[in-house]
2 protein chains.
Amino acid sequence: MANEIKAELAAGKLAEYEQLSKIYDDIVKQARPRLTVEGQGKILLALTDEDHLSQRQLATRLGMSPQSTSEFVYKLVKRELVTLTKSPKDRRVNLVNLTPAGRQEIESAAQEVPPFVRTLSDTELEQLSALMTKITTAMYADIDAANPTLGVKFHKLFASRYLKQFKK
Amino acid sequence: MANEIKAELAAGKLAEYEQLSKIYDDIVKQARPRLTVEGQGKILLALTDEDHLSQRQLATRLGMSPQSTSEFVYKLVKRELVTLTKSPKDRRVNLVNLTPAGRQEIESAAQEVPPFVRTLSDTELEQLSALMTKITTAMYADIDAANPTLGVKFHKLFASRYLKQFKK
DNA sequence: AACATATAGTAAGGGTACCTGATTAAAATG
DNA sequence: CATTTTAATCAGGTACCCTTACTATATGTT
């Protein structure tokens, strides 16, 4: 029972952080817009993992409706971050290809270390990283269990992206 | 410099969690819809803190445009979660009042402890709570510094809500 | 009292992220 | 060759937000 209360407290804190960060991003604006796992960003991220996917593949891999996928791809085409080419094998399918600008967009969407992370000591930072790794690992497992078609691949990319983006 | 790398790692993990939880909520659906700090939920939350606020007060307090506030209030009226009454002192202002159903809505929007939290041990749960508390505290401070009109009050309510919701 | 200005709220229109249902075109299959 | 399946799109919707008018009502000034 004591364990239960601790779990609830931790879950509450996590939820609080999540909600709070929505407000935080809004108020304490970041200079550069972040690449989120929504809409167009999701597409770009998937294409970084594997380029020249069909819209269908994107939709399945991202757990989105083909209609939404079509919409976001269209928007990315307008922004010249991707191009569309008809597949020679199957003239129904549109292959989505990252342009250099698209690649650039992903690269440049780096993120700064938010100031609130700086309040933690060295030891605390290590603890936090370890704990969050445990949590995200469990999350990946749950997501894959719930929707295997989404593919672990995307998630792995996802993870590595958030580790890599600070490098350099 | 070693510190810097640790900070980046932790920040990356936190960002990863944040993004991941968007997907998680989508895929591993929760039975009951959560009350988020967006749109209508934001209004309800603010009214829990203090009822009978004018739309203007809500807008300032929530850092939203008056137009958006108006929209969400209207939607809540349609859902019969709030009512509008003209202020007797100033006939321009609309006071927004929580109905019993509105109060009920907030109460019932409880949240379960997500399974991934269960993967942590007792000690880890304690560590996580402590770390997240430190982080959210810093976030509250930053938000207040950036936008004092938003008021700490709302945030405090916010915090307590996420601690209280599991009780009972 | 009369006029100017400030304030509360709304209407209209826009943008982003999604969804469902219906439709078109091309491929696969009986 | 006709039918069915599949890739993508169109049309229309919901939720969350914003900006630019515009309407009442208040208040401050002359």
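We name chains A, B, ... by the order of the sequence lines, and we start the count at 1 in each one.
- Protein chain A contacts DNA chain D over a range whose 5' and 3' limits, counting nucleotides with an atom under 4.0 angstrom from a non-hydrogen atom, are D:dT6 to D:dC10.
- For the pair B:Thr137 (side chain) and B:Thr133 (backbone), a donor-acceptor distance under 3.5 Å is present.
- Judged as a salt bridge (charged side-chain N to carboxylate O under 4.0 Å, His left out), the pairs with a partner in residues 62-75 of chain B (not counting sequence neighbours) are, in order, B:Glu71-B:Lys75.
- With rounding to whole Å, B:Gln55 atom CD is found 17 Å from C:dT7 atom P.
- Listed by first and then second residue, the salt bridge (charged side-chain N to carboxylate O under 4.0 Å, His left out) pairs involving residues 126-139 of chain B are A:Lys6-B:Glu126, A:Glu124-B:Lys134 (not counting sequence neighbours).
- If you check the side chains of B:Tyr140 and A:Glu16, you find a donor sitting under 3.5 Å from an acceptor.
- Side-chain heavy atoms closer than 4.5 Å link hydrophobic residues (I, L, V, M, F, W, Y) into clusters, and following such links, possibly through other members, connects B:Val82 to B:Leu84.
- Here B:Thr85 pairs with B:Asn97 under the side chain to side chain donor-acceptor pair (under 3.5 Å) rule; sequence neighbours left out.
- Partners of B:Arg91 under the side chain to side chain donor-acceptor pair (under 3.5 Å) rule, at least two apart in sequence or in another chain, do not exist in this structure.
- Taking every heavy atom of residues 81-94 of chain B and every atom of DNA chain C, pairs under 4.0 Å involve B:Arg92, B:Val93, B:Asn94, by number.
- Here A:Arg56 pairs with nothing under the salt bridge (charged side-chain N to carboxylate O under 4.0 Å, His left out) rule; sequence neighbours left out.
- For the residue pair B:Gln19 and B:Tyr24, no side-chain donor N or O sits within less than 3.5 Å of a side-chain acceptor on the partner.
- Between B:Glu4 and A:Arg118 there is a salt bridge, since at least one side-chain N of the basic residue sits less than 4.0 Å from a carboxylate O of the acidic one.
- Applying the 4.0 Å criterion to OP1 and OP2 of C:dA8, one finds that B:Gln57 has every side-chain N and O outside that range.
- Between A:Leu62 atom CG and C:dA17 atom C1' there is a gap of 13 Å when expressed in whole angstrom units.
- Applying the side chain to side chain donor-acceptor pair (under 3.5 Å) criterion to B:Ser129, with sequence neighbours excluded, gives no partner residue.
- Straight-line distance from the CZ atom of B:Arg61 to the P atom of C:dA8: 14 Å, rounded to whole Å.
- With sequence neighbours excluded, no residue forms a side chain to side chain donor-acceptor pair (under 3.5 Å) with A:Gln127.
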Please list each protein N or O that sits under 3.5 Å from an N or O in nucleotides 18-23 of chain C, with the distance.
{"from": "C:dC18", "atom 1": "OP2", "to": "A:Gly39", "atom 2": "N", "distance (Å)": "2.2"}
{"from": "C:dC18", "atom 1": "N4", "to": "A:Glu71", "atom 2": "OE1", "distance (Å)": "2.9"}
{"from": "C:dC19", "atom 1": "OP2", "to": "A:Ser65", "atom 2": "N", "distance (Å)": "3.2"}
{"from": "C:dC19", "atom 1": "OP2", "to": "A:Ser65", "atom 2": "OG", "distance (Å)": "3.0"}
{"from": "C:dC19", "atom 1": "OP2", "to": "A:Ser68", "atom 2": "OG", "distance (Å)": "2.7"}
{"from": "C:dG21", "atom 1": "O6", "to": "A:Gln67", "atom 2": "NE2", "distance (Å)": "2.8"}

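- Here A:Glu80 pairs with nothing under the side-chain contact (heavy atoms from CB on, under 4.5 Å) rule; sequence neighbours left out.
- Annotation: the terminal axes of the helix from C:dA1-D:dT30 to C:dG30-D:dC1 meet at 10°, where each axis is the rotation carrying the C1' atoms of four end pairs onto the next four (5 pairs per end, rounded to 10°).
- Taking atom CZ of residue B:Arg56 and atom C1' of nucleotide C:dT10, one finds them 11 Å apart after rounding to whole Å.
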